[in-house]
Colleague: 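One structure is given below, represented as structure tokens, and several questions about it will come after.
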Amino acid sequence: MRANLDKNPHDVQSMFNAVARRYDLMNFLASLGQEKIWRAHVKRAVVTRPFLKVLDVAAGTGASSIEFVRAGAKVVAVDFSEGMIAEGRRRHPEIDFQQGDAMNLDFPDNTFDCVTISFGLRNVSDPDRALREFYRVVRPGGHVVVCEFSRPTFAPFRAVYRFFLHRVMPPIARLFSTDAVAYDYLAESILAWPSQYQFAAHLRAAGFERLQLKNLTGGIVALHRGYKLK
């Protein structure tokens, strides 16, 4: 089971249900261990003070959510996939997991101090609609943090990265994933995603201001933060 770049919600949901059990292991292996470093940067960008009220969208099994909890935040973890939520509740019973859709968040306006999403926005069929929802549920003065695969900033490194996605990651997926073909979609969706500065324009169009960008691992991952000022 795999999704395609049209990102049909049923296909996306089914794909993540299928890979839930070994999803975190594959993230670690496919990132060559960098995933732990990326999530540490996300934690620092999200939890700017204790007792922050955080909505973690596309939270998966809670790998990021648990770090926010440990940093003193009050966290709601939302995911579209029942399989991911079930695995997350098994691993982290202390997290408030809820099933939900990034494009139709079931929360009132101005509810959270921060909305964050890590490696999930590119799987949403209408990312701009999701960003508008993030803006709606963040309180004035609050912020959004988006961590997503992006485009290496050094051209020769981009070529190496493309080789890794197409030639190295598929054998890893065949060995360790419960659904190796899902990782073909992963490579396709990464390469189709906007560059750092193109994506920043989407954040600005959704209403976020004071945008900040940090490239991680040479731009393989981009960490974006923006604020809702009014």
Side-chain angles (χ1 to χ4, degrees), residues 3 5-17 39 42-43 45-48 52-65 68-69 73-85 88 95-150 189-190 192-194 196-213 221-230:
L5 291 182
D6 63 358
K7 297 168 189 178
N8 176 280
H10 177 267
D11 293 344
V12 171
Q13 186 181 54
S14 298
M15 181 181 70
F16 281 102
N17 285 342
R39 292 196 188 278
V42 172
K43 182 177 75 171
V46 167
V47 186
T48 55
L52 208 72
K53 192 172 183 181
V54 174
L55 176 64
D56 189 11
V57 182
T61 64
S64 290
S65 303
F68 307 148
V69 170
K74 183 178 180 182
V75 181
V76 178
V78 168
D79 201 275
F80 195 46
S81 162
E82 305 101 320
M84 287 289 190
I85 291 173
I95 296 175
D96 178 11
F97 282 97
Q98 299 182 26
Q99 187 175 10
D101 184 345
M103 297 183 294
N104 295 284
L105 295 171
D106 192 20
F107 302 101
D109 296 357
N110 306 320
T111 298
F112 296 94
D113 298 305
C114 178
V115 176
T116 184
I117 184 168
S118 294
F119 310 110
L121 191 58
R122 75 181 192 287
N123 300 316
V124 176
S125 59
D126 189 343
D128 290 319
R129 180 173 171 180
L131 289 174
R132 292 193 296 271
E133 277 290 271
F134 298 174
Y135 187 87
R136 179 183 67 80
V137 301
V138 169
R139 65 168 181 82
H143 60 292
V144 65
V145 175
V146 179
C147 184
E148 188 54 86
F149 290 110
S150 195
S189 65
I190 289 171
W193 189 246
Q196 292 88 326
Y197 297 103
Q198 289 171 331
F199 179 70
H202 290 261
L203 280 170
R204 190 173 292 108
F208 292 103
E209 302 177 66
R210 287 173 50 196
L211 301 183
Q212 300 167 359
L213 165 66
V221 167
L223 185 62
H224 294 265
R225 182 160 65 179
Y227 290 83
K228 178 177 177 178
L229 297 183
K230 56 187 177 180

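Excluded from the calculations below are hydrogen atoms, water molecules and symmetry mates; all remaining heavy atoms, backbone and side chain alike, are included.
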Colleague: Take the angle between the ring planes of H224 and F199 and call it parallel below 30°, perpendicular above 60°, tilted in between.
Modeller: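 Aromatic pair H224/F199 classed perpendicular.
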Colleague: Of the options K53, R139, K228, which is the one that meets D113 in a salt bridge (charged side-chain N to carboxylate O under 4.0 Å, His left out)?
Modeller: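 Exactly one pass, corresponding to R139.
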Colleague: Say whether, by atom type as modelled, one donor and one acceptor occur between the side chain of R136 and the main chain of F107 under 3.5 angstrom.
Modeller: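 Indeed, once roles are kept as given, a pair shorter than 3.5 Å links the two residues.
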Colleague: Might you point out which heavy atoms bring D79 and G60 nearest each other, and give the distance in Å?
Modeller: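 Here D79 and G60 meet closest at OD2-N, 2.7 Å.
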Colleague: Verify, without hydrogens or angle tests, whether D96 (side chain) and V76 (backbone) share a donor-acceptor contact under 3.5 angstrom.
Modeller: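 No: the side chain of D96 does not pair with the backbone of V76.
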Colleague: So does F80 get a backbone contact from the side chain of Q13, meaning a donor-acceptor N/O pair under 3.5 Å?
Modeller: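 It does hold such a pair.
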Colleague: Any side-chain donor paired with an acceptor under 3.5 Å for D56 and S65?
Modeller: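 Short answer, yes.
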Colleague: Considering residues, nucleotides and ligands other than D106, do more than 12 of their heavy atoms fall under 6.0 Å from its CG?
Modeller: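 No, the 6.0 Å shell around CG holds no more than 12 heavy atoms from other groups.
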Colleague: How many angstroms lie between CG in L211 and NE2 in H202, if you round to the nearest 0.5 Å?
Modeller: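 These two atoms lie 12.5 Å from each other.
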Colleague: Just how far is it from atom CG of L203 to atom OH of Y227, taken to the nearest 0.5 Å?
Modeller: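 L203 atom CG to Y227 atom OH measures 12.5 Å (nearest 0.5 Å).
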Colleague: Where is the tightest heavy-atom contact between A45 and L223, given as atom of each residue plus distance?
Modeller: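 Of all heavy-atom pairs spanning A45 and L223, the closest is CB-CD2, 4.1 Å.
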Colleague: What is the distance from atom CD of E133 to atom CE of M103, rounded to the nearest 0.5 Å?
Modeller: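 Output value for this atom pair is 9.5 Å.
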Colleague: With rounding to the nearest 0.5 Å, note down the distance linking NE2 in H143 to CZ in R210.
Modeller: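 If we round to the nearest 0.5 Å, H143:NE2 and R210:CZ are 10.5 Å apart.
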Colleague: So, does E148 use its side chain to make a donor-acceptor pair with the main chain of R122 at under 3.5 Å?
Modeller: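 Yes.
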Colleague: Please determine whether side-chain contact (heavy atoms from CB on, under 4.5 Å) holds for the pair K7 and D126, giving the CA-CA distance in whole Å, both sets of side-chain angles, and the decisive distance to 0.1 Å.
Modeller: CA-CA 9 Å; K7 297 168 189 178; D126 189 343; over 6 Å; no
Colleague: Counting N and O atoms only, with roles assigned by atom type, does the side chain of T116 sit under 3.5 Å from a partner on the main chain of V145, one being a donor and the other an acceptor?
Modeller: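 Indeed, once roles are kept as given, a pair shorter than 3.5 Å links the two residues.
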Colleague: Any chance you could measure S125, atom OG, to D101, atom CG, to the nearest 0.5 Å?
Modeller: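 S125 atom OG to D101 atom CG measures 7.5 Å (nearest 0.5 Å).
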Colleague: In terms of ring plane angle, is the pair F208 and Y135 parallel, tilted or perpendicular, where the classes change at 30° and 60°?
Modeller: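 Perpendicular, since the angle between the ring planes exceeds 60°.
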Colleague: Once rounded to the nearest 0.5 Å, what's the spacing between atom CG of L213 and atom CZ of R225?
Modeller: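 Answer for the CG-CZ pair, L213 versus R225, is 12.0 Å.
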Colleague: Please give me the minimum heavy-atom distance between L121 and L131, naming the atom from each residue.
Modeller: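 Nearest heavy atoms, L121 then L131: CD2-CD2, 3.9 Å.
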